[in-house]
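Throughout, protein chains are lettered first and strands after them, A, B, ... in sequence-line order, and every chain is numbered starting at 1. No hydrogens, no waters, no symmetry mates; every other heavy atom, side chains included, goes into these values.
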There are 2 protein chains.
Amino acid sequence: MQTRPRRYHHGDLRAALLTRAEETLREKGPAALSLRELARDLGVSHAAPSRHFKDKQDLLDALALNGFERLGEIIAASQEGAGESFAERLDAMVRAYVGFATANAALLDLMYSIKHDPEASEALSVAAQRWAEEIVELIGDGQSRGEVREGPVERVGVPVFATLHGYAGLAVSGMLPPETTEHGLDDVIAHTLRGCAPD
Amino acid sequence: MQTRPRRYHHGDLRAALLTRAEETLREKGPAALSLRELARDLGVSHAAPSRHFKDKQDLLDALALNGFERLGEIIAASQEGAGESFAERLDAMVRAYVGFATANAALLDLMYSIKHDPEASEALSVAAQRWAEEIVELIGDGQSRGEVREGPVERVGVPVFATLHGYAGLAVSGMLPPETTEHGLDDVIAHTLRGCAPD
DNA sequence: ACCTGAACACCGTTCAAGT
DNA sequence: ACCTGAACACCGTTCAAGT
């Protein structure tokens, strides 16, 4: 009756595991994430996930990798919709990043956490690097417009990356005084613009 | 034979648990941290820790709180040993913070992680705030010397805090391109100075 | 190929009972 | 006050066996 024959029980257990895992991560935090419960939720045996992820950490790595891919898309999209000036493009990028961070707090925590397999860690570094290149591109563009001071793009970009990442992290972990959320983003953007401005 | 009588079995189990927990955190990561193993290491029953920490999370919270206290001391010490100019003081603080971060990577991860009890979370926010006030003080001092632009200290300080925190986080999670560690710190300091400079 | 079911060695937490 | 020992309900991981 089905033209696309179901696979053994589930169809696409791997994707279903990732989707469900991210839901529980978002709703109940990383501590509540258990392979057995995931399997229960999806109606498969507790041993089934091991066909798709050798390990719990392997699933977490896949989750993080997927997060970096989506982050990259969001950042890229923010640049396409933005104006041409460096200030406008920076503004759009910062808002896109902080928006992703606050909407996916637990996932972001996972993406930048330390406990990755050395093997998967390389794939993650590459993924993280790829979106960081959006910053490099932004800086380079700003330089060619004369709106950003000269210097190797990577070196100008690192402090910008750090500021962005740090602000998102502080906002997400609730370490910012409540009244700062008001002007916090604007202040960060203005500060970054000053830091990048030519002499 | 001992003037200071031992308590029941251990003497000061609470402190011993914290010490040992931080060791395993440092050496084997947060995933390897188990109350039962801690108890085994210290030669007490697996139920003994519950007399001192109601929960595993309670122990983690205590670990984080202790981390913030030590961080505060280190930051304060960096300011005492530093020169008078804003640039010198900022330099000292950044190096102290990044030094602490790289020397206590897993602990820092824990300190800023999201999964704290709402109750303990408040105590942690206070502790985090206290060291953040060192930044506020630094900014205020810089302003009175005419080396930092005017404006509410909290608003000038937030981007500085974010940059510092973000750079430490990136360095710790290995997300910085290897060649940046060379000049990374210097670039971050220079960038921050530009961002803070008066017009 | 993909999944099951049982088994193993671990967890965290609780609670009567001991000293 | 502080700790033990047993018990409970969970884990992650592995592996023969099923379809």
With a 6.0 Å cut-off on ring centres, are A:Y97 and A:F161 close enough? no
Is the distance between the ring centroids of B:Y112 and B:H165 less than 6.0 Å? yes
Which whole-number value in Å describes the distance from [X] [atom1] to [N] [atom2]?
X: A:L59; N: D:dC11; atom1: CG; atom2: P; answer: 15 Å
X: A:R51; N: D:dG12; atom1: CZ; atom2: P; answer: 17 Å
X: A:L13; N: C:dA1; atom1: CG; atom2: P; answer: 17 Å
X: A:L38; N: D:dG12; atom1: CG; atom2: C1'; answer: 13 Å
X: A:K54; N: C:dC2; atom1: NZ; atom2: C1'; answer: 20 Å
X: B:D58; N: C:dG12; atom1: CG; atom2: P; answer: 14 Å
X: A:L42; N: C:dC2; atom1: CG; atom2: P; answer: 16 Å
X: A:K56; N: C:dC10; atom1: NZ; atom2: C1'; answer: 13 Å

Taking the side chain as everything from C-beta on, heavy atoms only, tell me whether B:L107 gets closer than 4.5 Å to B:E22. yes
So which one's nearest nucleotide on DNA chain C is more toward 5', B:L33 or A:R36? A:R36
Along DNA chain C (nearest heavy atom to each residue), the more 5'-positioned of A:H52 and A:H46: A:H52
Does a side-chain N-to-carboxylate-O contact under 4.0 Å join A:D141 and A:R89? yes
Phosphate OP1/OP2 of C:dG12 contacted by B:S34 side-chain N/O (<4.0 Å): yes
Within the pair B:R14 and D:dA1, is there a side-chain N or O less than 4.0 Å away from OP1 or OP2? no
Going by the rule ring pair (Phe, Tyr, Trp, His ring centres under 6.0 Å), which residues pair with B:H191 if we only count those two or more places apart in sequence or in a different chain? none
Is there a donor-acceptor pair under 3.5 Å between the side chain of A:R26 and the backbone N or O of A:A103? yes
Kindly point out which of [options] is positioned nearest to the side chain of [X]?
X: A:S50; options: C:dT4, D:dT14, C:dT13; value: D:dT14
X: B:A47; options: D:dT14, C:dT14, D:dC3; value: C:dT14
X: B:L35; options: D:dT4, C:dT13, D:dT13; value: C:dT13

Mind checking B:S45 for me? I need base, sugar-phosphate or nothing, with any heavy atom below 4.0 Å counting as a touch. base
Here the helical stems involving DNA chain D, each at least 3 consecutive Watson-Crick or G-U pairs closer than 3.5 Å, sorted by first residue number, are C:4-8 with D:12-16, C:12-16 with D:4-8
Residues passing the side-chain hydrogen bond (donor to acceptor under 3.5 Å, both in side chains) test with A:E23, sequence neighbours excluded, are A:R20
